[in-house]
Amino acid sequence: LRDALVIGCAQALAVFPGVSRSGATITAGLALGLERPAAARFSFLLSAPIIAGAGLKSLWDVVQELQTGQMAASGLIFFAVGFAAAAISGYLCIKFLLRFLQRNSTDLFVYYRWLLAALVIVLGPVMLDVGDLGHRVRLGLGLRALPFLRHHQLLGLGDGLGGVEA
């Protein structure tokens, strides 16, 4: 029970941007002494309730849209096809990852995350401002963009576009 609680708390770290839910739970499981396949299986089992809940919520939304006339009955086929495609591709990805982790370590994912973090740090100052629905596009590259950025934009709290003010 203690191990499950520790892994569950590690799952909560995924509320922070850039933290992988499955990565956090698998890492916690490995730190607690679980074998890679067992840690991965437990990680994916932890995701089942939220995935089921999200699926039920989507179904509820579709039913509501059908009842209010926001969605035509013919639109239901798109929901069904999307649901089936997501379920099948999700199953296949999990199956692949479980098989991969039986034979390989998690080092590949660690290297990928470190490389991605380095790219974000290096390319972070690159700002792309697409304002007025794309009528003006301006790139500030590297450190040259920094003098034009406001404090809150550097912290990622800007207008959502990462814009450089004119």
Side-chain angles (χ1 to χ4, degrees), residues 1 3-29 36-102 106 108-109 112-113 115-117 119-120 123-124 126-140 149-166:
L1 181 62
D3 289 353
L5 287 173
V6 169
I7 295 172
C9 288
Q11 180 173 245
L13 294 174
V15 300
F16 297 108
V19 175
S20 163
R21 187 208 61 81
S22 59
T25 55
I26 291 171
T27 300
R36 279 190 315 269
R41 273 194 306 277
F42 191 73
S43 174
F44 292 124
L45 285 174
L46 277 176
S47 70
I50 194 66
I51 291 172
L56 289 174
K57 169 71 168 86
S58 294
L59 182 60
W60 175 259
D61 291 343
V62 166
V63 168
Q64 295 298 314
E65 289 176 11
L66 285 170
Q67 289 177 345
T68 61
Q70 292 175 310
M71 177 189 288
S74 61
L76 194 56
I77 190 71
F78 294 111
F79 177 79
V81 169
F83 181 85
I88 292 167
S89 63
Y91 172 78
L92 293 174
C93 287
I94 289 172
K95 184 177 178 179
F96 168 79
L97 187 60
L98 288 174
R99 193 171 333 152
F100 179 87
L101 290 174
Q102 285 176 346
T106 58
L108 176 67
F109 302 103
Y112 154 74
R113 298 296 294 183
L115 177 63
L116 184 62
L119 283 173
V120 168
L123 298 177
V126 175
M127 302 302 290
L128 173 63
D129 182 10
V130 181
D132 303 325
L133 297 175
H135 295 289
R136 61 189 170 106
V137 176
R138 192 167 8 131
L139 288 175
L149 300 178
R150 287 202 200 133
H151 185 308
H152 65 279
Q153 289 171 318
L154 286 174
L155 297 175
L157 303 175
D159 58 5
L161 297 174
V164 177
E165 296 294 319

Student: According to side chain to side chain contact (heavy atoms under 4.5 Å, CB included), who are the partners of Phe16, at least two apart in sequence or on a separate chain?
Tutor: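 Partners of Phe16 by the side chain to side chain contact (heavy atoms under 4.5 Å, CB included) criterion, ordered by chain and then number, come out as Leu13, Val19.
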Student: Using the side chain to side chain donor-acceptor pair (under 3.5 Å) criterion, which residues pair with Ser22? Sequence neighbours excluded.
Tutor: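 With neighbours one apart ignored, the set is Ser20.
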Student: With distance as the sole test, does Arg21 use its side chain to make a donor-acceptor pair with the main-chain N or O of Ala14 at under 3.5 Å?
Tutor: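 Side chain of Arg21 to backbone of Ala14, a donor-acceptor pair under 3.5 Å: no, none is there.
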Student: Of all residues at least two apart in sequence or in a different chain, which pass the side chain to side chain contact (heavy atoms under 4.5 Å, CB included) check with Ala39?
Tutor: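 Side chain to side chain contact (heavy atoms under 4.5 Å, CB included) check on Ala39 returns Ile26, Leu30, Leu34.
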Student: Does anything in residues 77-101 form a ring-ring contact (aromatic ring centres under 6.0 Å, His included)? List the pairs, not counting sequence neighbours.
Tutor: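 Listed by first then second residue: Phe100-Phe109.
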Student: What distance do Gln64 atom CD and Leu59 atom CG have between them, rounded to the nearest 0.5 Å?
Tutor: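 The distance works out to 10.5 Å.
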Student: Roughly how far, to the nearest 0.5 Å, is OG1 of Thr27 from CD1 of Ile7?
Tutor: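 Reported to 0.5 Å precision, the distance equals 10.5 Å.
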Student: Please collect all salt bridge (Lys or Arg N to Asp or Glu O under 4.0 Å) contacts where either partner lies in residues 69-87, sequence neighbours excluded, each pair once.
Tutor: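 Listed once each, the pairs would be none.
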Student: Is atom CD1 of Ile77 surrounded by more than 12 heavy atoms (other residues, nucleotides or ligands) closer than 6.0 Å?
Tutor: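 Atom CD1 in Ile77 is not crowded, with 12 or fewer foreign heavy atoms closer than 6.0 Å.
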Student: Residues two or more places apart in sequence or in another chain: which of them pass side chain to side chain donor-acceptor pair (under 3.5 Å) with Gln70?
Tutor: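 Side chain to side chain donor-acceptor pair (under 3.5 Å) check on Gln70 returns Thr68.
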Student: Using every non-hydrogen atom in the two residues, find where Met71 and Val62 come nearest and quote the distance to one decimal.
Tutor: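 So the minimum-distance heavy-atom pair works out to SD-CG1, 4.0 Å.
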Student: Report yes if some heavy atom in the side chain of Ser43 is under 4.5 Å from a heavy atom in the side chain of Gln11; otherwise report no.
Tutor: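 No, every pair of side-chain atoms sits at 4.5 Å or beyond.
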Student: Name all residues meeting the salt bridge (charged side-chain N to carboxylate O under 4.0 Å, His left out) criterion together with Asp3; count only those two or more places apart in sequence or in a different chain, and write none if there are none.
Tutor: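 Testing Asp3 for salt bridge (charged side-chain N to carboxylate O under 4.0 Å, His left out), a comparison that skips the adjacent residues, returns none.
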Student: Who pairs with Leu98 by side chain to side chain contact (heavy atoms under 4.5 Å, CB included), at least two apart in sequence or on another chain?
Tutor: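 Per chain and number, Leu98 pairs via side chain to side chain contact (heavy atoms under 4.5 Å, CB included) with Ala40, Arg41, Phe44, Ile94.
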Student: Can you tell me which residue pairs pass the salt bridge (Lys or Arg N to Asp or Glu O under 4.0 Å) test with a partner in residues 51-60, sequence neighbours excluded?
Tutor: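 The answer is Lys57-Asp61.
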